[in-house]
Amino acid sequence: MINKKFWRIDNAEIKMIKKAIYAGLKGQYISIFEKKLSKTFFNKYAVSVNSGTSALHASLYSIGIQKGDEVIVPPLTFSATAFSVLYLGAKPVFADVDKKTFNISPNQITKKITNKTKAIVTVSIFGLIPDMVKIKKIAKDHKIKIIEDNAETIFSSQNGKYSGTFGDLSILSFQRSKHLTVGDGGAILTSNKKYYEKAKKFTHLGYFNSTIKNFKKETIQNPNYFRHEFVAPNYRMPEIVAAAGISQLNKSKFLFKKRVYVGKLFLKILKKYNFINYQITPVGYVHSYWTIAFYFNHKKNLWREFRKKFLSLGGDHFFSCWKLTYQEPALKKLSLKSFCPNAEFLQKRLILLKTNYNSKNYSNKQAKILDQTLKFFEEKYYNNL
């Protein structure tokens, strides 16, 4: 039996893995998983891969990104978003974020477009979809493609339209911290057959037969058979991982609601304190709360002091925001100098509390500790203002 501590993975995943093994690992559970993925997330096609980063790499390849192209990305996110652009010899161009939503700013995207711009990669940061209506109009006006990096969200939406249905392609991550997890893995979603076929072949070593239905085994056994249409990596998802993913999809709405419950519980506390700036969810948007993000409105950066006090009262360990991608040592050699003042301000200050709790009692306890901690800061720094 699975320990209840690991509630996101339970015996349903074990049963599906056993079914795949007993069936001989012949690939049928990959097909089932991909069909269920596309249906669950409102697209015609899905490609399962071994990571969200692989999904981004393949998506960019499928829309034709190559050396010399420019792709606009946000700086306030995990570096894989920009790295995947570099894998193809293209240049990531960083557009600043909105200081209220923490998401990539449509106005900043417009300022970064040149005649070399071929695509925009948006990120639904912390579970909140960007302003995809404006971004889609910008992309259409400039005839550039959109890839939605939805590694941190499922079922977020803008005006009733779901994340993953605005762009030419979108990606998901199944890394262990994500809404859906199989330990690691990712997926590409699209309703464009051409992009689907290119992505599928790219993630399968460029195999000709990657997208052929009812492919006969004796064809590949022929000594004259040519396998590879082009040079490409092997990003395939193992079938036992896909089998576990089927069970995750079966409870995707449940897992989404759990995160939203905890996120809103913490948000209720944050709203009590006028010196806290939290991630704003605009009217008409649905947030999926991969994390709850906020910072102190104070001339002093209180991140470390908050952490010390929160943990001392029994608060759970939480995260800071990643260093901005263009600040990472890996990119300093590449002359990708950039300055995004909003992102630089936020990165140093953002407090990211976890939301992947199963127990309502434990979640309530963490919310009370958050309240206690903020009361301490209110008395120390704000009561005499």
Side-chain angles (χ1 to χ4, degrees), residues 8-9 13 17 20 27 29-31 33-34 36-38 40-41 43 45-63 65 71 73-74 77-90 92 119 121-127 147-154 163-164 167 169-190 195-196 198-207 210 231-249 252 255 288 290-291 319 322 325 328 330-331 356:
R8 292 188 297 155
I9 299 287
E13 281 79 11
I17 289 170
Y29 285 87
I30 291 283
S31 296
F33 180 52
E34 290 179 343
K36 195 169 183 66
L37 265 171
S38 61
T40 302
F41 297 110
N43 278 266
Y45 309 104
V47 181
S48 56
V49 290
N50 60 5
S51 73
T53 307
S54 300
L56 281 169
H57 187 193
S59 296
L60 287 161
Y61 175 86
S62 73
I63 60 171
I65 298 302
V71 178
V73 300
T77 185
F78 187 53
S79 293
T81 305
F83 281 11
S84 58
V85 176
L86 292 165
Y87 296 158
L88 292 166
V121 180
T122 62
V123 175
S124 294
I125 198 72
F126 310 137
I147 294 172
E148 297 181 61
D149 181 343
N150 289 327
E152 295 174 16
T153 191
I154 56 172
S163 54
L169 304 100
S170 67
I171 72 99
L172 294 171
S173 170
F174 307 125
Q175 182 263 354
R176 64 182 178 273
S177 73
K178 302 304 191 292
H179 291 77
L180 306 178
T181 185
V182 286
D184 213 333
I188 302 157
L189 296 162
T190 184
Y195 297 150
Y196 159 71
K198 287 189 75 173
K200 186 79 168 176
K201 288 179 182 179
F202 184 79
T203 59
H204 287 64
L205 294 152
Y207 262 57
S210 299
V231 175
N234 180 5
Y235 286 158
R236 289 176 295 195
M237 175 181 278
E239 190 171 10
I240 58 171
V241 175
I246 294 167
S247 292
Q248 285 282 291
L249 290 175
S252 56
L255 294 169
S288 66
W290 179 64
T291 185
F319 297 94
W322 322 265
T325 307
E328 290 285 359
L331 270 70
N356 59 339

Who pairs with [X] by side-chain hydrogen bond (donor to acceptor under 3.5 Å, both in side chains), at least two apart in sequence or on another chain?
| X | answer |
| --- | --- |
| N356 | none |
| Y235 | H57 |
| T203 | none |
| D184 | none |

I want to check something: taking the side chain as every heavy atom from C-beta on, are I154 and T40 in contact at a cut-off of under 4.5 Å?
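Contact flag for I154/T40 side chains = no.
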Kindly indicate whether the side chain of W290, heavy atoms from C-beta on, has any atom under 4.5 Å from the side chain of S177. yes
Q) Can you check whether L56's main-chain N or O pairs, donor with acceptor, with D149's side chain at less than 3.5 Å? A) no
Under a 3.5 Å distance rule, please check whether Q248 uses its side chain to pair with a backbone N or O of T181 as donor and acceptor.
yes
What residues form a side chain to side chain contact (heavy atoms under 4.5 Å, CB included) with [X], not counting sequence neighbours?
| X | value |
| --- | --- |
| S173 | A151, Q175, K178 |
| T190 | Y45, L169, N192, Y195, Y196 |
| Y61 | L88, K198, F202, F230 |
| S170 | E148, N150, L189 |

Taking atom [atom1] of [X] and atom [atom2] of [Y], what is their separation to the nearest 0.5 Å?
| X | Y | atom1 | atom2 | result |
| --- | --- | --- | --- | --- |
| K36 | Y29 | NZ | OH | 13.0 Å |
| T53 | Y87 | OG1 | OH | 5.5 Å |
| E152 | F78 | CD | CZ | 10.0 Å |
| F174 | N50 | CZ | CG | 12.0 Å |
| L205 | N234 | CG | CG | 4.5 Å |
| I171 | S59 | CD1 | OG | 7.0 Å |

Which heavy atom of [X] sits nearest a heavy atom of [Y], and at what distance?
| X | Y | result |
| --- | --- | --- |
| S62 | A199 | CB-N, 3.9 Å |
| L249 | S252 | O-OG, 3.0 Å |
| V85 | P92 | CG1-N, 3.7 Å |
| S38 | A46 | N-CB, 3.9 Å |
| K201 | Y207 | CG-O, 3.5 Å |

side-chain contact (heavy atoms from CB on, under 4.5 Å) with L172: of I188, L180, L37, T153, only one passes, and it is L37
Evaluate side-chain contact (heavy atoms from CB on, under 4.5 Å) for T81 paired with T325, printing each intermediate quantity in order.
CA-CA 9 Å; T81 305; T325 307; over 6 Å; no
Salt bridge (charged side-chain N to carboxylate O under 4.0 Å, His left out) filter on K200, not counting sequence neighbours, yields E34
